[in-house]
Number of protein chains: 2
Amino acid sequence: MESDADLRFDHDSPERVKRQLSRLTGMTAGQMRKVASAALAGVGAHKDHFVVLASLAETGPASQAQLSDRTRVYRSDLVAVLNELAAAGFVQRAPDPEDKRRNVITVTEAGRERLAELDAVLEGVNEHIMAPLDEDERAMLFRLLARVNAHLADG
Amino acid sequence: MESDADLRFDHDSPERVKRQLSRLTGMTAGQMRKVASAALAGVGAHKDHFVVLASLAETGPASQAQLSDRTRVYRSDLVAVLNELAAAGFVQRAPDPEDKRRNVITVTEAGRERLAELDAVLEGVNEHIMAPLDEDERAMLFRLLARVNAHLADG
DNA sequence: CCAGCGGCGTTAGCGCCACTAACGATCCGT
DNA sequence: ACGGATCGTTAGTGGCGCTAACGCCGCTGG
């Protein structure tokens with residue numbers, strides 16, 4: 001299955017290519033995404049399921065538009081995510097009595113348990129991903145990436 | 001055009017989500033990719049064009065299969081890339097006399113000039129991306145990411 | 001009061017990217 | 001001489017970020 005035998009950054013990469021931070025970051029992000037989504041798929045879940053459940057559990061019930069803003073899952077894609085979560089009984093989708101355009105999304109008790117499960121799965125993933133780094137290095141990597149991210153977020 | 005107004009990692013992200021290195025890395029990689037591909041599109045180029053030209057210039061002529069291994073551009077996608085590069089006169093695609101299955105791809109003088117151009121564009125991109133970091137921090141970020149990358153590359 | 005603007009959820013679809021499948025042509029080992 | 005592997009090529013898949021359009025509803029102003 002794993003054709004990822006050698007996704008290593010260098011190997012035979014030209015020197016000019018090795019200097020591109022975007023390439024190294026992109027490759028590593030791809031590796032991480034594979035690991036995370038495989039782990040989530042192992043329990044029948046998806047990245048967005050986790051983010052949505054986490055937002056609902058931490059910030060409380062919300063309309064779909066609010067949820068979209070909080071999670072950066074597009075409104076159009078959120079529909080399917082909520083369909084799945086609702087079908088599994090992890091969230092409840094009820095019409096908002098105060099505004100008939102909206103739905104109020106609420107996490108159920110089963111949803112909180114599911115979130116705990118996904119959280120545990122992802123903690124394992126995180127641990128695996130950052131295995132070669134010690135605590136200081138992990139914090140450093142987070143901080144450096146966050147600074148670049150914040151910088152790029154301002155046009 | 002830019003709907004990227006706020007791609008910032010946190011903002012309202014749930015705590016659990018902020019701890020996911022894969023998410024931060026993925027978001028930042030996406031930002032970087034946009035910047036780089038926009039810059040390359042500005043001169044009518046593509047990421048793969050750069051990688052392929054760099055490989056040819058630094059490691060010499062190669063068959064398409066070899067090129068695919070060196071650049072990690074899939075053989076199937078390489079076809080279109082080489083069509084474009086050849087049409088622009090940046091590479092030459094000639095049948096290999098020693099093996100009629102193969103083509104020998106060679107970079108032309110125009111191709112070397114094109115590579116220099118793309119290299120300059122990407123140096124600007126790199127500089128922009130890493131603007132908030134000093135030299136030590138850039139090196140640190142590279143090293144940390146490379147270690148994670150290498151670790152994940154070994155199943 | 002009612003007309004129009006704008007936000008709501010939903011459906012459909014686009015474009016990019018990593019990746020796979022299949023195929024005819026050619027080479028190579030036995 | 002034959003079978004299997006490798007070459008370039010075409011087509012297609014699936015995920016992900018993102019846009020477009022639509023019917024429904026609320027809100028405001030003339």
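This is a predicted model, so every value here is computed, not measured. To find a chain, count down the sequence lines: A is the first, B the second, and so on, and within it residues start at 1.
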Dump the pairs, protein N or O against N or O of nucleotides 23-30 of chain C, anything under 3.5 Å, distances to one decimal.
residue	atom	partner	partner atom	Å
C/dC27	OP1	B/Lys100	N	2.6

Check nucleotides 10-17 of chain C for protein N or O atoms closer than 3.5 Å to its own N or O atoms and list the pairs.
residue	atom	partner	partner atom	Å
C/dT10	OP2	A/Gln64	OE1	3.0
C/dT10	OP2	A/Gln64	NE2	2.8
C/dT10	OP2	A/Arg93	NH2	3.4
C/dC17	OP2	B/His46	NE2	3.0

Original post:
Mind checking whether B/Leu122 and B/Leu40 have side chains closer than 4.5 Å, heavy atoms only?
Top reply: yes
Original post:
Side-chain heavy atoms under 4.5 angstrom apart, residues restricted to Ile, Leu, Val, Met, Phe, Trp, Tyr: same cluster for A/Met140 and B/Met130?
Top reply: yes
**OP:** Check whether any side-chain N or O of A/Lys34 sits under 4.0 Å from OP1 or OP2 of C/dC19, and answer yes or no.
**Re:** yes
Subject >> Phosphate OP1/OP2 of C/dA18: any B/Tyr74 side-chain N/O under 4.0 Å >> reply: no
Original post:
Which atoms form the tightest heavy-atom contact between B/Leu53 and B/Gly111, and what is the distance?
Top reply: CD1-O, 4.0 Å
Subject >> Taking every non-hydrogen atom, the tightest pair across B/Pro61 and B/Arg70 >> reply: O-NH2, 3.9 Å
**OP:** Could you state the atom-to-atom distance from CG of B/Asp48 to C1' of C/dA18 in whole Å?
**Re:** 11 Å
**OP:** State whether the side chain of B/Thr108 and the backbone N or O of B/Gly89 hold a donor-acceptor pair below 3.5 Å, judged by distance alone.
**Re:** yes
**OP:** Taking A/Asp96 for its side chain and A/Glu98 for its backbone only, find out whether a donor-acceptor pair lies under 3.5 Å.
**Re:** yes
**OP:** Under the side chain to side chain donor-acceptor pair (under 3.5 Å) rule, what do B/Gln64 and B/Arg93 come out as? Steps first, then yes or no, please.
**Re:** CA-CA 9 Å; B/Gln64 298 185 196; B/Arg93 202 207 239 117; 3.0 Å; yes
Atom pairs and distances, donor-acceptor, side-chain atoms in residues 41-52 of chain B, under 3.5 Å, two or more places apart:
residue	atom	partner	partner atom	Å
B/His46	ND1	B/Asp48	N	3.1
B/His49	NE2	B/Glu84	OE1	2.6

